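Written below as structure tokens is the structure these notes are about.
The first residue of the sequence shown is numbered 1, and numbering continues consecutively from there. Values below: all heavy atoms of this structure, side chains included; hydrogens, waters and symmetry mates excluded. Keep in mind that this is a model prediction, so the values were computed, not measured.
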Amino acid sequence: MQWQQRLVALLIACCPFAEVGASPASASAFMHLAVVTEQGDTLVDEGVPAGGRWCIKWQHSVEHFTVLDCYRNAAGVMQLERSHQPDFAAGLGHIFGRGEQVSDGEGGYWINAINEPVANNRYVLRVGSPAVNHRVVWPDNEHAPVSLSEHAAGQRVTIQLIAPHASPRE
């Protein structure tokens with residue numbers, strides 16, 4: 001009986017520390033989108049509240065139309081939410097079981113409800129030339145667009161969702 005009382009007392013004492021060691025997602029849903037070059041230069045560092053969205057917008061290198069890959073902060077997790085593709089060109093298309101393809105009403109299509117978490121809240125992108133013009137855009141225009149191609153064409157950048165106090169990593 002005495003060990004049970006000690007266990008209860010220990011659990012009560014530890015409750016305030018239950019979040020210690022928890023992931024950044026559970027500690028805070030307010031995050032930062034950071035885009036960092038291999039040399040450590042920060043190209044983007046913007047706050048993204050829970051539910052906040054951004055897209056990587058670029059010109060298809062063969063067909064020269066605009067493609068959008070859109071992400072959101074899903075309670076501290078970077079999630080690929082949807083993608084807009086005007087055509088079934090090289091490297092594009094809908095994969096059965098991965099989101100829902102719907103017409104955009106203009107000959108292209110959206111793949112909605114992809115909702116795939118991005119591993120470790122980060123990925124590496126080789127930035128295209130100025131003709132490709134990889135850029136970060138905000139669907140609600142809360143921040144100015146940033147052309148990654150203007151600053152890092154041909155280079156690798158890390159796109160990541162991080163806790164506000166964390167420093168962007170390569």
Side-chain angles (χ1 to χ4, degrees), residues 23-25 27-95 98-99 104 106-170:
S23 70
S28 171
F30 187 87
M31 306 287 278
H32 274 250
L33 176 67
V35 179
V36 181
T37 68
E38 287 184 298
Q39 297 75 32
D41 298 326
T42 300
L43 303 179
V44 174
D45 183 12
E46 297 289 355
V48 182
R53 292 171 165 82
W54 68 94
C55 300
I56 303 299
K57 186 175 187 177
W58 48 280
Q59 304 307 118
H60 191 275
S61 61
V62 176
E63 298 296 329
H64 307 290
F65 51 59
T66 303
V67 178
L68 283 167
D69 293 315
C70 298
Y71 299 84
R72 72 174 168 182
N73 172 1
V77 175
M78 181 192 292
Q79 197 175 71
L80 175 60
E81 182 177 42
R82 63 195 303 221
S83 182
H84 182 261
Q85 303 173 7
D87 195 339
F88 291 98
L92 302 178
H94 176 243
I95 298 169
R98 185 178 183 244
D104 68 0
E106 299 176 11
Y109 59 97
W110 280 99
I111 303 171
N112 292 326
I114 298 172
N115 301 333
E116 286 182 358
V118 174
N120 300 314
N121 275 358
R122 61 191 291 190
Y123 67 95
V124 175
L125 171 72
R126 188 187 61 78
V127 178
S129 70
V132 171
N133 195 18
H134 277 109
R135 53 213 180 271
V136 178
V137 299
W138 306 88
D140 296 325
N141 297 315
E142 58 265 51
H143 304 289
V146 176
S147 172
L148 304 177
S149 294
E150 183 179 315
H151 301 287
Q155 298 179 44
R156 290 169 29 122
V157 299
T158 300
I159 299 172
Q160 55 195 330
L161 190 63
I162 58 174
H165 60 280
S167 61
R169 295 172 288 173
E170 180 179 341

Worksheet item: Would you find a donor on one side and an acceptor on the other, under 3.5 Å apart, between the side chain of Thr37 and the backbone of Asp41?
Response: yes
ask   = Could you walk me through whether Gln59 and Arg135 pass the side-chain contact (heavy atoms from CB on, under 4.5 Å) check?
value = CA-CA 10 Å; Gln59 304 307 118; Arg135 53 213 180 271; 3.2 Å; yes
What one should report as the nearest heavy-atom pair of Val137 and Pro145 is CG1-CB, 4.0 Å
Taken to the nearest 0.5 Å, the spacing of Arg82 CZ from Asn112 CG works out to 4.5 Å
Rounding to 0.5 Å, atoms CG (Leu125) and CG (Leu148) come to a distance of 7.0 Å
For the backbone of Leu68 and the side chain of Ser83, can you confirm whether one donor and one acceptor N or O come within less than 3.5 Å of each other?
yes
CD1 (Ile162) and CG (Asn120) are apart, to the nearest 0.5 Å, by 13.5 Å
Nearest heavy-atom approach of Gly76 to Met31 is O-CE, 3.7 Å
Non-hydrogen side-chain atoms of Val136 and Leu33 separated by less than 4.5 Å: yes
So ring-ring contact (aromatic ring centres under 6.0 Å, His included) across residues 115-136, not counting sequence neighbours, yields Trp58-His134, Tyr71-Tyr123
Note to self: Tell me if a side-chain donor or acceptor on Thr42 pairs with a main-chain N or O of Val44 at a distance below 3.5 Å.
What the structure shows: no
Output for pair (Gln160 CD, Asn121 CG), nearest 0.5 Å, gives 9.0 Å
**Prompt:** How far apart are the C-alpha atoms of Asp45 and His32, what are their side-chain angles, what is the distance that settles it, and do they pass the side-chain contact (heavy atoms from CB on, under 4.5 Å) test?
**Reply:** CA-CA 6 Å; Asp45 183 12; His32 274 250; 2.8 Å; yes
Sorted by chain and number, sequence neighbours left out, side chain to side chain contact (heavy atoms under 4.5 Å, CB included) with Asn115 holds for Arg72, Gln79, Glu81, Ala113
In short, Glu142 meets Arg53 closest at the heavy-atom pair OE2-O, 4.1 Å
Rounded to the nearest 0.5 angstrom, the SG-NZ distance for Cys70 and Lys57 is 9.5 Å
Scanning both residues in full, the closest heavy-atom pair of Phe30 with Pro164 reads O-CD, 3.2 Å
Heavy-atom nearest pair, Val77 first then Pro117, reads CG1-CB, 3.9 Å
Salt bridge (charged side-chain N to carboxylate O under 4.0 Å, His left out) filter on Arg156, not counting sequence neighbours, yields Glu38
With a 3.5 Å distance limit and no angle check, can you tell me whether Ser149 reaches the backbone of Gly128 through a side-chain donor-acceptor pair? yes
Residue pair Val124, Val157: steps toward the side-chain contact (heavy atoms from CB on, under 4.5 Å) verdict: CA-CA 6 Å; Val124 175; Val157 299; over 6 Å; no
On a heavy-atom basis, the closest approach of Ser147 and Glu150 is OG-N, 3.1 Å
The reported gap from CD1 in Ile159 to CH2 in Trp54 (rounded to nearest 0.5 angstrom) is 9.5 Å
